[in-house]
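Here is how names work: the chains are called A, B, and so on, in the same order as the sequence lines, proteins then strands, and each is numbered from 1.
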Amino acid sequence: MLIATWNVNSIRARLPRLLAWLQKRQPDVVCLQELKVEEAAFPFAELAAAGYHAAVCGQKTWHGVAILARSEPRAVRRGLDDDPHDSQARLIAATVDGIRIFSAYVPNGSTVGSDKYLYKRGWLTRLGRRLRLQEDLGQPLLLAGDFNIAPQERDVHNPRQWEDSVLYHPQMRQDFQELLACGLIDLGGSHLPAGTYSWWDYRQLSFPRNDGLRLDHLLATPMLTSRCTEVLVDRDERKGDTPSDHAPVLARFF
DNA sequence: ATGGTTGCTTAGCAA
């Protein structure tokens, strides 16, 4: 079983690449982030033709997450669902082939100390509460997505340059560890070599210089982690015409 | 050096 996560940075802009990549990799489940469309404008027909069901939590212009799956997603739940005033579409959950799957788009946080940064910290706390209170963490569960956090020094090409950034600030790394303390394991942290990145800024030739960060993660409960045989980043998807700034991350399970 | 690139929406924001 092959499960992937990919921040596509607009599903409309990325649809031709996404369809070609699905054909190439044949993943069973794909967690998508940054759709930038309402559910009504989501390309259900094109993905169905490619063999995928889709559970979508969309939003106009910003954010938006989905779970694509060859099997029909069950028990779909949209949003963090704890605050009626929070309309940001950043989380969707569904059960696929007996695994509870989450696709998450953690807030970027802008700059340390900003309102958006406080929202990011609060959102991570709320996500942890949701997992602890409402999910059975003894069952196979996979939380995948763009966390906008590089967890370790080995996940940043130039750590000193990024120390003050919301993507690598020590507080962010601590918040990430507290999320793991729910009972999740970062599959990339153990299966990927140091210096494996999933995001490179569009600016300043970051990708050719490999000035990247590992921001996209698959977090699994212990029994599911023991079934993981390999994790890889599909670096080729950051190359060529009109790439997303993120590359897909894939994990294989037996 | 507060730059630079992309996408959504069409001037400015978010990432």
Side-chain angles (χ1 to χ4, degrees), chain A residues 5-21 31-43 46-47 56-66 79-80 86-92 103-124 127 144-151 155-158 160-169 171-173 175-176 197-217 233-249:
Chain A
T5 183
W6 193 7
N7 178 327
V8 289
N9 185 20
S10 166
I11 192 158
R12 285 178 293 189
R14 221 63 60 205
L15 187 60
R17 281 193 82 124
L18 174 61
L19 292 171
W21 178 79
C31 296
L32 297 174
Q33 301 87 34
E34 274 210 271
L35 305 176
K36 297 186 173 180
V37 284
E38 296 170 290
E39 186 169 356
F42 187 87
E46 292 88 340
L47 289 161
V56 177
C57 180
Q59 180 177 341
K60 184 180 165 72
T61 310
W62 289 305
H63 323 311
V65 289
L80 212 35
D86 186 354
S87 57
Q88 297 192 19
R90 295 183 176 277
L91 189 74
I92 188 167
S103 178
Y105 178 43
V106 175
N108 172 286
S110 187
T111 54
V112 174
S114 66
D115 288 348
K116 290 188 173 74
Y117 174 79
L118 297 177
Y119 179 75
K120 180 182 192 175
R121 292 205 66 197
W123 199 90
L124 288 163
L127 177 60
D146 174 7
F147 288 78
N148 272 312
I149 299 171
D155 301 318
V156 184
H157 182 69
N158 186 347
R160 273 186 299 176
Q161 175 192 315
W162 289 93
E163 191 80 21
D164 297 329
S165 159
V166 290
L167 304 178
Y168 184 60
H169 189 274
Q171 182 67 64
M172 286 293 97
R173 284 180 270 158
D175 287 357
F176 186 81
Y197 312 127
S198 67
W199 173 84
W200 300 260
D201 199 301
Y202 281 127
R203 297 165 288 189
Q204 299 182 300
L205 299 172
S206 297
F207 184 65
R209 295 189 295 110
N210 196 30
D211 183 11
L213 285 76
R214 190 172 69 93
L215 305 180
D216 301 271
H217 311 304
V233 175
D234 215 338
R235 217 171 173 282
D236 286 349
E237 285 306 316
R238 187 60 176 79
K239 302 175 183 173
D241 288 336
T242 63
S244 169
D245 44 354
H246 294 254
V249 185

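Heavy-atom nearest nucleotides on DNA chain B were determined for A/A13 and for A/D146, and the one closer to the 5' end corresponds to A/A13. Along DNA chain B, the nucleotide nearest to A/S10 and the one nearest to A/E34 differ in position, and the one closer to the 5' end is contacted by A/S10.
When the P atom is used for both B/dG12 and B/dG3, the distance is 15 Å, rounded to whole Å. For the C1' atom pair drawn from B/dC13 and B/dA1, the interatomic distance equals 22 Å after rounding to whole Å. B/dA11 sits 15 Å from B/dT6 when the C1' atoms are compared, rounded to a whole Å. To the nearest whole angstrom, the two C1' atoms, one in B/dT2 and one in B/dA15, are 15 Å apart. Between the P atoms of B/dT9 and B/dG4, the separation comes to 24 Å (whole Å).
When side chains are defined from C-beta on, A/S244 does not count as touching A/E237, because their heavy atoms never get closer than 4.5 Å.
Residue-level contact check: A/F207 touches neither bases nor backbone, having no heavy atom under 4.0 Å from any strand.
Bracketed by its first and final contacts, the part of DNA chain B lying under 4.0 Å from non-hydrogen atoms of chain A reaches from B/dG4 to B/dA15 in 5' to 3' order.
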Show the atom names and distances, to 0.1 Å, of all donor-acceptor pairs under 3.5 Å that link a side chain in residues 104-112 of chain A to residues at least two apart or in another chain.
from, atom 1, to, atom 2, distance (Å)
A/Y105, OH, A/E34, OE1, 3.4
A/N108, OD1, A/S110, N, 2.8

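A donor-acceptor pair shorter than 3.5 Å can be found between the side chains of A/N210 and A/W200.
Within the 3.5 Å criterion, the main-chain N or O of A/Y197 finds no donor-acceptor partner in the side chain of A/R235. A donor-acceptor contact shorter than 3.5 Å links the side chain of A/K120 to the backbone of A/N148.
In this structure, the side chain to side chain contact (heavy atoms under 4.5 Å, CB included) partners of A/A150, at least two apart in sequence or on a different chain, are A/D155, A/V156, A/Y168, A/L213, A/L215.
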